[in-house]
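First comes the structure, then the notes that go with it.
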Amino acid sequence: LDVSDDDVYEALSTVLEHEPSFQLVVDRVFADMDFNKNGSLEAHEMGVFLAKICQRYGIEQPPNTVQVAHAFRHLDLNCDNAVERDEMEAFLRHLFQERLATLVRARLRAASNAPSPARKPGGLIAAAAAMGRGKPEKKENAFLARIKAAKGKV
């Protein structure tokens with residue numbers, strides 16, 4: 001499955017901003033995991049579901065029973081040995097929000113690492129050449145503004 005970060009960002013943003021869409025996602029995920037259709041998930045259903053997901057995406061070693069039990073305990077918020085739909089909803093909301101936050105941080109990091117005029121080859125030279133156009137005081141102010149901007153991004 002080849003999905004860009006931008007696609008994931010757009011999908012998660014849309015789902016989280018539109019509650020009916022989010023509820024449909026929760027319903028679908030829960031229904032796909034609830035193999036015995038009793039309205040709650042048991043640990044063995046989670047294990048079967050995770051094994052199928054791993055197989056579908058070419059992951060050779062699915063989680064073992066200890067790992068599944070550990071994950072199940074985190075989802076079972078009321079500790080009744082079953083994961084109800086509302087517990088799955090809480091988990092998915094948290095998962096989607098965390099993934100979205102990670103994507104936002106990556107975008108901010110990429111933007112802050114973008115080359116500034118002073119870091120590009122010829123950037124300062126180009127800025128100095130721009131001083132040759134316009135009124136002298138405007139030339140100097142434009143150049144200083146570029147230098148200050150470059151220093152702030154370094």
Side-chain angles (χ1 to χ4, degrees), residues 1-124 126-127 130 141-142 144-154:
L1 187 62
D2 189 22
V3 180
S4 74
D5 284 349
D6 288 340
D7 291 339
V8 172
Y9 177 85
E10 289 302 319
L12 290 177
S13 295
T14 300
V15 167
L16 288 170
E17 290 171 6
H18 189 250
E19 190 62 23
S21 295
F22 177 72
Q23 294 303 322
L24 285 172
V25 170
V26 174
D27 288 342
R28 176 67 189 267
V29 170
F30 195 82
D32 286 351
M33 292 180 77
D34 188 14
F35 296 115
N36 64 11
K37 305 301 178 202
N38 69 349
S40 63
L41 304 175
E42 290 80 34
H44 73 277
E45 288 175 304
M46 180 180 277
V48 170
F49 179 79
L50 292 173
K52 285 183 178 186
I53 292 291
C54 289
Q55 182 181 17
R56 182 182 303 161
Y57 294 106
I59 299 170
E60 294 179 19
Q61 190 172 9
N64 61 41
T65 55
V66 172
Q67 292 166 322
V68 170
H70 182 76
F72 187 82
R73 281 193 304 275
H74 283 283
L75 292 176
D76 183 14
L77 300 175
N78 64 3
C79 302
D80 65 353
N81 292 319
V83 174
E84 308 299 327
R85 188 197 174 283
D86 63 328
E87 292 167 312
M88 180 60 67
E89 179 181 340
F91 167 72
L92 290 175
R93 188 176 306 277
H94 176 76
L95 178 69
F96 292 175
Q97 289 170 339
E98 285 300 310
R99 180 66 176 126
L100 194 60
T102 299
L103 291 169
V104 168
R105 283 190 299 273
R107 283 182 172 192
L108 292 172
R109 200 169 25 258
S112 71
N113 290 333
S116 66
R119 287 162 60 193
K120 285 190 222 171
L124 287 177
N141 289 338
L144 290 175
R146 283 187 171 177
I147 297 295
K148 287 178 184 176
K151 285 183 179 179
K153 293 180 181 179
V154 174

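Numbers here simply count residues along the sequence, with the first being 1.
With 3.5 Å as the limit, one finds a donor-acceptor pair spanning the side chains of R105 and T102.
Side chain of D5 to main chain of Y9: no donor-acceptor pair is present (N/O by atom type, distance under 3.5 Å, no hydrogens or angles). The closest donor-acceptor contact from the side chain of D76 to the backbone of D80 lies under 3.5 Å.
Ring planes of F96 and F22: perpendicular class, angle over 60° (limits at 30 and 60°).
The number of heavy atoms from other shown groups lying within 6.0 Å of NE2 (H70) does not exceed 12. Around atom CD of Q67, more than 12 heavy atoms belonging to other residues, nucleotides or ligands sit under 6.0 Å away.
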Side chain to side chain contact (heavy atoms under 4.5 Å, CB included) evaluation trace for E98 with L12: CA-CA 10 Å; E98 285 300 310; L12 290 177; over 6 Å; no

As a quick check of understanding, evaluate side chain to side chain contact (heavy atoms under 4.5 Å, CB included) for R28 and D32, giving each step before the final call. CA-CA 6 Å; R28 176 67 189 267; D32 286 351; 3.3 Å; yes

Would M46 and L41 count as a side chain to side chain contact (heavy atoms under 4.5 Å, CB included) here? Give the steps. CA-CA 7 Å; M46 180 180 277; L41 304 175; 5.7 Å; no

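Scanning both residues, E84 and A82, for their nearest heavy atoms gives OE2-CB, 3.7 Å. Pairing each heavy atom of A90 with each of L77, the nearest pair is CB-CD1, 4.2 Å. The two residues C54 and P63 have their closest heavy-atom pair at SG-CD, 3.7 Å.
For E45 and K37, the salt-bridge test fails: no basic side-chain N is under 4.0 Å from an acidic carboxylate O.
In this structure S13 satisfies the side-chain hydrogen bond (donor to acceptor under 3.5 Å, both in side chains) test with no other residue, sequence neighbours excluded.
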